[in-house]
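If you're wondering where the values come from, they're calculated on a predicted model, not measured in any experiment.
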Amino acid sequence: MKEELFALEKASVSCENRPVLTEINMHIYKRSILGIICDNIIEYEAFTAFFSGNCAITSGRMRFLRKSLHPKKMKPLFLSYFCIINNRSNLIASLSIAENICIFFTKDNFLHSNRYITIVKDLLKYFRLKLDITKRVSSLTTFEWIVVELLKAYAENKKIIVLVNLSDSLLAPELAEIHRLINQMRQDGRTFIVMDFIGANMFQWTDEVLVIKNGTSIASFHPSLLENPQFYNYMLSGNREQSDPHPAHPPLAYGEELPLEDYDPFVVFHKVSTATLKQLSFSLEKGELLKIICLDNRSFDSFKDLILGRSSVISGKITFNNEPVRFRSLEHNLKKGIHWCPESPYKNMLFPNMTVRDNLMLELSHKSKNIWLKPGVSDNIDQFISEHIGLEYAGKKIYLVPPSIRQKIAYSKLYLYAPKLVVCERPFSEVDLHLREATISMLSQLQTRGISIIILTITPSDQNLVDGETIYLKNGQMVSEEDMYQYLYRRL
């Protein structure tokens with residue numbers, strides 16, 4: 001017989017005094033794995049905040065261990081019994097692996113490193129895991145720190161462990177090992193929630209999947225439903241931005257005020273070395289896309305530092321159209337035709353209190369002086385918004401616009417500015433299906449515009465989402481695809 005652990009019945013949830021979830025029905029049973037699929041990123045973030053104790057229930061009922069729970073007691077409950085593990089490490093870099101696992105559950109004011117090491121060795125033996133606990137936390141692979149966080153949650157006796165957007169960060173053998181570890185923890189009474197994108201492999205582990213659409217729970221289904229193409233189309237339906245009649249456009253003419261530069265964005269890295277990167281070589285033709293998969297954070301950070309001008313080229317050279325280029329500040333890079341696109345551009349590239357129109361014009365002001373005073377420019381921008389985004393959004397402030405539309409607006413800034421090269425940091429890191437679809441569509445439009453693209457990521461599965469050549473970096477050096485798989489399998 002199923003033993004209920006946690007339940008919501010007709011619950012409405014507000015975050016920062018703003019209602020985000022309504023009429024939520026959810027039943028979580030002991031030793032089960034519940035999947036949650038949401039319609040958009042706002043709902044994912046709301047559930048994450050809720051399970052962290054940072055959202056309030058404004059109506060409905062909540063139970064824990066079959067006892068009604070008052071909303072005022074919600075936060076202490078979540079802090080004590082829930083744990084969230086996402087695709088960003090929550091470990092403390094200044095502490096050892098053993099200290100990270102044991103520091104809070106021992107309820108002691110002092111560190112007892114030797115005692116912690118003994119406890120962790122026992123845990124590793126119990127769960128049949130191999131992990132070098134002498135490694136620095138900063139040098140752990142994604143798989144390793146997820147294992148450490150699972151052991152930490154187990155040691156702290158967390159009852160419900162929430163796994164958020166982990167599928168894309170792990171390869172199949174790593175997922176299999178995580179699945180084995182989770183099943184063993186389930187035998188000891190732990191319960192799990194999986195929140196991820198629709199195609200995530202981890203949903204195959206679940207007992208049932210709760211579907212959230214338009215802020216409310218639709219129903220709970222067997223995970224086999226996710227394999228039905230009609231379900232995918234259903235989750236995409238009902239959103240204006242997903243029925244875009246213009247999936248790709250040729251460059252538009254915006255009049256004499258906004259002339260396009262005559263450029264040939266041919267990009268070459270020839271035996272480029274920095275303090276970390278060694279003999280990095282590749283080239284991109286106009287409109288070509290290259291995926292750089294980093295197998296360790298050090299390689300990822302080193303390439304990012306190079307592009308942002310935080311590290312220097314020791315040897316080798318970088319050329320655009322046969323002219324040497326040096327990366328410095330973001331402003332200097334823009335003048336050279338290089339645009340850095342940060343992770344989650346819908347959050348990090350837009351000014352929330354400015355309108356959509358003004359956000360786009362602000363980007364162009366870096367390229368054309370006094371653009372705000374030039375006649376006809378605003379009309380041209382509105383023409384672009386009408387054909388690419390939807391004219392009804394032109395005068396709206398960004399914070400009032402849905403996330404997937406904001407994503408389009410962020411990439412539209414790149415489209416209008418037309419740099420020679422765009423370097424995208426982890427463009428597919430979000431679990432929101434609509435954000436991913438918008439990103440894939442806009443990357444295609446940038447390529448149609450003749451803009452070369454580098455995708456920089458630590459997630460191997462990202463290479464399957466868009467076409468283009470792929471190179472792999474490990475310890476700052478290029479490795480073959482075969483070497484990449486051998487390395488990842490050895491980690492297990």
Side-chain angles (χ1 to χ4, degrees), residues 4-30 32-88 90 149-150 153 156-167 190-198 200 202-203 206-220 235 344 347 399 402-403 429-435:
E4 184 184 89
L5 184 59
F6 179 81
L8 294 175
E9 291 181 350
K10 295 185 177 181
S12 295
V13 176
S14 292
C15 295
E16 299 179 351
N17 297 318
R18 182 170 60 92
V20 286
L21 302 171
T22 57
E23 296 286 311
I24 299 296
N25 293 298
M26 173 193 299
H27 295 271
I28 303 173
Y29 300 98
K30 191 174 182 180
S32 69
I33 303 179
L34 173 69
I36 298 179
I37 285 182
C38 296
D39 186 40
N40 58 60
I41 191 65
I42 294 175
E43 294 162 358
Y44 279 112
E45 291 177 345
F47 271 107
T48 302
F50 174 72
F51 291 134
S52 302
N54 295 323
C55 285
I57 287 186
T58 55
S59 64
R61 295 181 294 276
M62 177 169 54
R63 292 192 301 274
F64 183 70
L65 294 175
R66 292 176 291 183
K67 294 181 180 179
S68 296
L69 188 68
H70 192 277
K72 290 184 178 180
K73 297 181 180 180
M74 188 178 86
K75 187 158 188 173
L77 170 84
F78 286 122
L79 291 176
S80 298
Y81 295 110
F82 282 68
C83 171
I84 294 177
I85 301 175
N86 54 33
N87 58 2
R88 289 287 186 274
N90 297 309
E149 292 200 19
L150 283 168
E156 293 175 2
N157 199 30
K158 301 295 186 182
K159 301 296 184 185
I160 299 177
I161 301 171
V162 186
L163 308 176
V164 182
N165 195 18
L166 296 184
S167 289
R190 304 304 190 271
T191 301
F192 291 85
I193 297 174
V194 170
M195 295 199 301
D196 223 312
F197 65 96
I198 287 181
M202 292 178 71
F203 284 121
T206 60
D207 300 298
E208 60 180 0
V209 177
L210 177 65
V211 177
I212 308 295
K213 187 171 174 63
N214 297 325
T216 191
S217 54
I218 303 300
S220 292
M235 292 302 289
S344 303
K347 291 180 181 178
Y399 73 86
S429 61
E430 302 287 359
V431 297
D432 187 334
L433 172 65
H434 306 292
L435 282 177

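Taking all atoms of both residues into account, the shortest heavy-atom contact from Gly35 to Phe203 is CA-CE2, 3.8 Å. For the pair Leu5 and Lys30, the tightest heavy-atom approach, listed with the atom from each and the gap, is CB-N, 4.0 Å. The minimum heavy-atom distance between Ser14 and Pro19, with the atom names listed, is OG-CA, 3.5 Å.
To the nearest 0.5 Å, atoms SG (Cys38) and CD (Glu45) are separated by 10.5 Å. In this structure, Lys10 NZ and Ser59 OG are separated by 10.5 Å, a value rounded to the nearest 0.5 Å. Here the CE-CG distance, from Met74 to Leu69, works out to 8.5 Å after rounding to the nearest 0.5 Å. If you take CD1 on Ile161 and CZ on Phe192, they are separated by 4.0 Å, rounding to the nearest 0.5 Å. Here Asn25 contributes atom CG and Ser220 contributes atom OG; the two are 9.0 Å apart, rounded to the nearest 0.5 Å. Distance check, rounded to the nearest 0.5 Å: CG of Asp207 to CG of Leu34 gives 8.5 Å.
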Trace of the side chain to side chain contact (heavy atoms under 4.5 Å, CB included) decision for Phe197 with Leu433: CA-CA 6 Å; Phe197 65 96; Leu433 172 65; 5.9 Å; no
Worked verdict on Ser344 versus Glu430 for side chain to side chain donor-acceptor pair (under 3.5 Å): CA-CA 7 Å; Ser344 303; Glu430 302 287 359; 2.4 Å; yes
Residues Thr191, Ser32; criterion side chain to side chain donor-acceptor pair (under 3.5 Å); working and verdict: CA-CA 5 Å; Thr191 301; Ser32 69; 5.1 Å; no
Verdict with reasoning, Val162 to Thr48, per side chain to side chain contact (heavy atoms under 4.5 Å, CB included): CA-CA 8 Å; Val162 186; Thr48 302; over 6 Å; no
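Of the listed residues (Met195, Met26, His27), just one forms a side chain to side chain contact (heavy atoms under 4.5 Å, CB included) with Leu210, and that residue is Met26. Among Asn86, Asp196, Leu150, the single residue meeting the side chain to side chain contact (heavy atoms under 4.5 Å, CB included) criterion with Leu163 is Leu150.
Of the possible donor and acceptor atoms, none in the side chain of Ser80 sits under 3.5 Å from a partner among the backbone N and O of Leu77. With hydrogens and angles disregarded, a donor-acceptor distance shorter than 3.5 Å links the side chain of Lys158 to the backbone of Leu79. In this structure, the side chain of Asp432 engages the main chain of Ile41 through a donor-acceptor pair within 3.5 Å. Distance alone, capped at 3.5 Å, is enough to place a donor-acceptor pair between the Glu43 side chain and the Gly215 backbone. In terms of modelled atom types and a separation under 3.5 Å, the side chain of Thr216 and the main chain of Glu23 share a donor-acceptor contact.
Proximity of Val194 to Ile36: side-chain heavy atoms (C-beta onward) are nowhere separated by under 4.5 Å. Looking only at side-chain heavy atoms (C-beta outward), Ile212 and Phe47 come within less than 4.5 Å of each other. Using a 4.5 Å heavy-atom cutoff, the side chains of Ile160 and Tyr81 are not in contact. Using a 4.5 Å heavy-atom cutoff, the side chains of Ile42 and Pro403 are in contact. For the pair Lys159/Phe6, no side-chain contact is recorded, criterion being any heavy-atom separation below 4.5 Å from C-beta on. You'll find the side chain of Leu8 reaches within 4.5 Å of the side chain of Ile57, heavy atoms only. Contact of the Tyr44 side chain with the Val164 side chain is not registered, since no non-hydrogen atoms from C-beta on lie closer than 4.5 Å.
The pair Glu4-Lys67 does not meet the salt-bridge criterion, since no charged nitrogen lies less than 4.0 angstrom from a carboxylate oxygen. Using a 4.0 Å cut-off between charged nitrogen and carboxylate oxygen, Glu9 and Arg63 count as a salt-bridge pair.
The aromatic rings of Phe82 and Phe64 are tilted relative to each other, their planes meeting at an angle between 30° and 60°.
Residue Tyr29 qualifies as enclosed at atom OH: its count of foreign heavy atoms under 6.0 Å is above 12.
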